[in-house]
2 protein chains.
Amino acid sequence: MSEAEQYDATIYERPSVTVDVVILTLINEALHVLLLQRRHWPYAGQWAIPGGFVGIDESLEDAAQRELQEETGIQAVYLEQLYTFGSPQRDPRTRVISVAYFALVRADRHQPSTSDEATAVRWFPIDQLPEPLAFDHRVIVQAAVNRLRSKLEYTTLAFQLLPEEFTLAELYETYGQLFGDRRRGDDGAAGEWAGLDKRNFYRKITDAGILHDTGRFREGRGRPAKLYTFRPETQSGEFVFRWREARAG
Amino acid sequence: MSEAEQYDATIYERPSVTVDVVILTLINEALHVLLLQRRHWPYAGQWAIPGGFVGIDESLEDAAQRELQEETGIQAVYLEQLYTFGSPQRDPRTRVISVAYFALVRADRHQPSTSDEATAVRWFPIDQLPEPLAFDHRVIVQAAVNRLRSKLEYTTLAFQLLPEEFTLAELYETYGQLFGDRRRGDDGAAGEWAGLDKRNFYRKITDAGILHDTGRFREGRGRPAKLYTFRPETQSGEFVFRWREARAG
DNA sequence: TCAATAGTGTCTTTGAGACACTATCCG
DNA sequence: CGGATAGTGTCTCAAAGACACTATTGA
């Protein structure tokens with residue numbers, strides 16, 4: 001903005017501004033999104049990400065936090081502005097510009113509940129989204145997943161998704177699911193993730209010095225696995241995951 | 001958005017939405033920003049980045065392109081959405097949400113001219129911005145520069161800034177200015193960029209296979225330098241610059 | 001003792017980074 | 001030939017990646 005005319009701009013027709021939030025979590029080491037089934041027009045009955053209008057005196061981040069709170073009852077999570085979607089035709093009612101955020105939460109803690117705006121609320125695996133989604137929400141969800149994937153490579157964001165305590169196998173499985181395209185079943189049985197060598201992964205992650213060995217174990221079938229926590233003091237550190245691997249044939 | 005109540009939302013007070021554009025260019029291998037000196041209240045006399053209201057039927061990208069056009073007369077450039085700034089108090093007139101874009105242009109081509117909105121238009125070196133800038137524009141400019149810097153590491157964006165034909169020395173100087181903190185004058189004379197070895201840089205850039213040798217030369221003092229062009233077909237390629245260097249003392 | 005899962009060591013290859021001299025042109 | 005700028009080759013080291021077996025537990 002730069003104009004005197006802006007001062008008179010109140011007479012112009014203004015778009016509406018909403019904030020929509022892509023809420024991501026990990027369930028059984030697989031990435032899921034929270035969707036609401038819309039009760040009302042437009043797109044009644046279709047699934048959508050939660051969102052709502054920005055209050056006239058409310059910051060965008062506050063609005064996103066409020067939506068998150070209303071839908072999931074969570075506050076302390078990772079929240080980041082994603083992108084602003086503003087095609088003139090993206091909402092059939094009127095011009096609506098949507099500032100999209102994405103949030104990472106730990107799903108174990110809480111189950112979402114339906115509201116008067118939604119007939120249902122559910123976690124969907126990101127590779128099994130209902131078809132179609134309301135508005136341009138498919139694009140928004142895809143953008144969030146892309147952003148998350150790329151950030152996982154050079155941040156410790158993955159630990160925002162995992163439970164407080166985890167085993168190396170769970171961590172490995174998580175990275176595998178988030179990056180790996182598919183398993184290779186050498187003999188039919190489930191093996192390692194294509195292109196992600198377990199030993200190299202363990203070495204890299206432990207050498208990085210970002211894990212704390214709790215001294216406790218997760219019991220189950222087979223040999224008990226060490227439980228680790230993430231050392232948040234290293235969060236700003238130099239850890240880079242970087243997914244490459246695959247040299248020979 | 002998800003509510004029936006949105007349908008009635010026209011009755012709510014709506015924020016204004018603007019698009020502001022950080023226009024960056026290279027002048028003498030140094031990064032510059034285009035700023036306008038505001039003619040009117042608020043912040044009259046102060047420098048600001050160009051911007052304006054989003055038309056009710058105009059996409060955000062179109063609005064950004066239009067601003068760019070109006071201020072510089074350029075169309076074909078790199079344009080990317082940067083971030084959306086929405087603090088309730090960022091504009092003294094009314095609630096204004098600003099979707100910021102950043103654009104890369106080649107400055108050689110065209111000189112900006114003043115308009116009825118601005119008393120002056122100028123390129124400023126990014127490390128010599130006027131103090132203060134209007135609104136929160138300093139933050140926005142800084143965000144653009146940060147984004148550009150980080151993208152230069154893993155994209156070929158630098159070539160969007162350089163003239164069509166360039167020498168390796170110009171390319172080296174550009175990367176040095178964009179990343180290097182300072183020169184080291186071993187003896188007083190200008191030397192290489194701290195931490196950026198010229199030979200390693202040349203090797204890396206030529207091995208990457210993204211340059212086309214035009215066979216022509218730039219004449220001047222000293223040995224003529226080969227002129228290269230960027231091969232845009234490799235734009236989506238695997239080139240990564242990645243700035244590290246500095247192992248021993 | 002076997003099924004199931006956890007955990008580990010070494011060699012090879014690649015790419016990054018340190019390092020300083022030769023080549024070409026012009027006046 | 002001297003000043004000015006362009007351009008190049010090799011060694012070292014760290015980190016990535018390929019590769020397969022041993023350890024621990026409970027049924």
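Keep in mind that the numbers below use all heavy atoms, side chains included, and drop hydrogens, waters and symmetry copies. First the proteins, then the strands, lettered A, B, ... as listed; each starts at 1.
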Exercise. Ring centres of B:Phe179 and B:Phe241 under 6.0 Å apart?
Worked result: yes
Problem set entry | Where DNA chain C forms stems, i.e. three or more consecutive Watson-Crick or G-U pairs with both distances under 3.5 Å | C:1-27 with D:1-27
Problem set entry | Non-neighbouring partners of A:Glu70 that pass salt bridge (charged side-chain N to carboxylate O under 4.0 Å, His left out), sequence neighbours left out | A:Arg66
Seminar exercise, completed: note: A:Leu196, atom CG; D:dC19, atom P; distance rounded to Å ~ 15 Å
Exercise. side-chain hydrogen bond (donor to acceptor under 3.5 Å, both in side chains): which pairs involve residues 26-35 of chain A, sequence neighbours left out?
Worked result: none
For this session: Could you tell me which residues satisfy salt bridge (charged side-chain N to carboxylate O under 4.0 Å, His left out) with A:Glu131, sequence neighbours excluded, listed by chain and number?
Result: A:Arg138
Exercise. Taking atom C1' of C:dC19 as reference, at what distance in whole Å does atom CZ of B:Phe201 sit?
Worked result: 19 Å
Exercise. How would you list, by chain and number, every residue that makes a salt bridge (charged side-chain N to carboxylate O under 4.0 Å, His left out) with B:Arg218, sequence neighbours excluded?
Worked result: B:Glu170
Problem set entry | Euclidean distance, atom CZ of residue B:Phe241 to atom C1' of C:dA16 [Å, nearest integer] | 12 Å
For this session: Compare side-chain N and O positions of B:Lys204 against OP1 and OP2 of C:dA16 and report whether any pair is under 4.0 Å apart.
Result: yes
Exercise. Counting only non-hydrogen atoms, which of residues 217-229 of chain B are less than 4.0 Å from DNA chain D?
Worked result: B:Arg221, B:Gly222, B:Arg223, B:Pro224, B:Ala225, B:Lys226
Problem set entry | Integer-rounded Å distance: C:dA18 C1' and B:Trp193 CH2 | 20 Å
Exercise. Considering only side-chain heavy atoms of A:Arg203, which listed nucleotide, D:dG17, C:dG17, C:dG7, is closest?
Worked result: D:dG17
Exercise. What is the distance from CD1 of B:Ile205 to P of D:dT8, rounded to the nearest Å?
Worked result: 14 Å
Exercise. Can you tell me how far C1' of C:dG7 sits from CG of A:Asp197, to the nearest Å?
Worked result: 13 Å
Problem set entry | Distance in angstrom units between A:Lys198 NZ and C:dT5 P, rounded | 11 Å
Exercise. How would you list all residue pairs meeting salt bridge (Lys or Arg N to Asp or Glu O under 4.0 Å) that involve residues 203-214 of chain B, not counting sequence neighbours?
Worked result: B:Asp213-B:Lys226
For this session: Could you check how far CZ of B:Arg199 sits from C1' of C:dA18, rounded to whole Å?
Result: 8 Å
Name the atoms and distances for all side-chain donor-acceptor pairs under 3.5 Å in residues 140-150 of chain B, with sequence neighbours left out.
residue, atom, partner, partner atom, Å
B:Gln142, NE2, B:Asn146, OD1, 3.2
B:Asn146, ND2, B:Gln142, O, 3.4
B:Arg147, NE, B:Glu80, OE2, 2.8
B:Arg147, NH1, B:Leu82, O, 3.3
B:Arg147, NH2, B:Glu80, OE2, 3.4
B:Arg147, NH2, B:Gln81, O, 2.8
B:Arg147, NH2, B:Leu82, O, 3.1
B:Arg149, NE, B:Leu178, O, 2.5
B:Ser150, OG, B:Arg147, O, 3.2

Exercise. Any chance the rings of A:Tyr228 and A:Phe230 have centres within less than 6.0 Å?
Worked result: no
Problem set entry | For B:Arg221, all residues meeting salt bridge (charged side-chain N to carboxylate O under 4.0 Å, His left out), sequence neighbours excluded | none
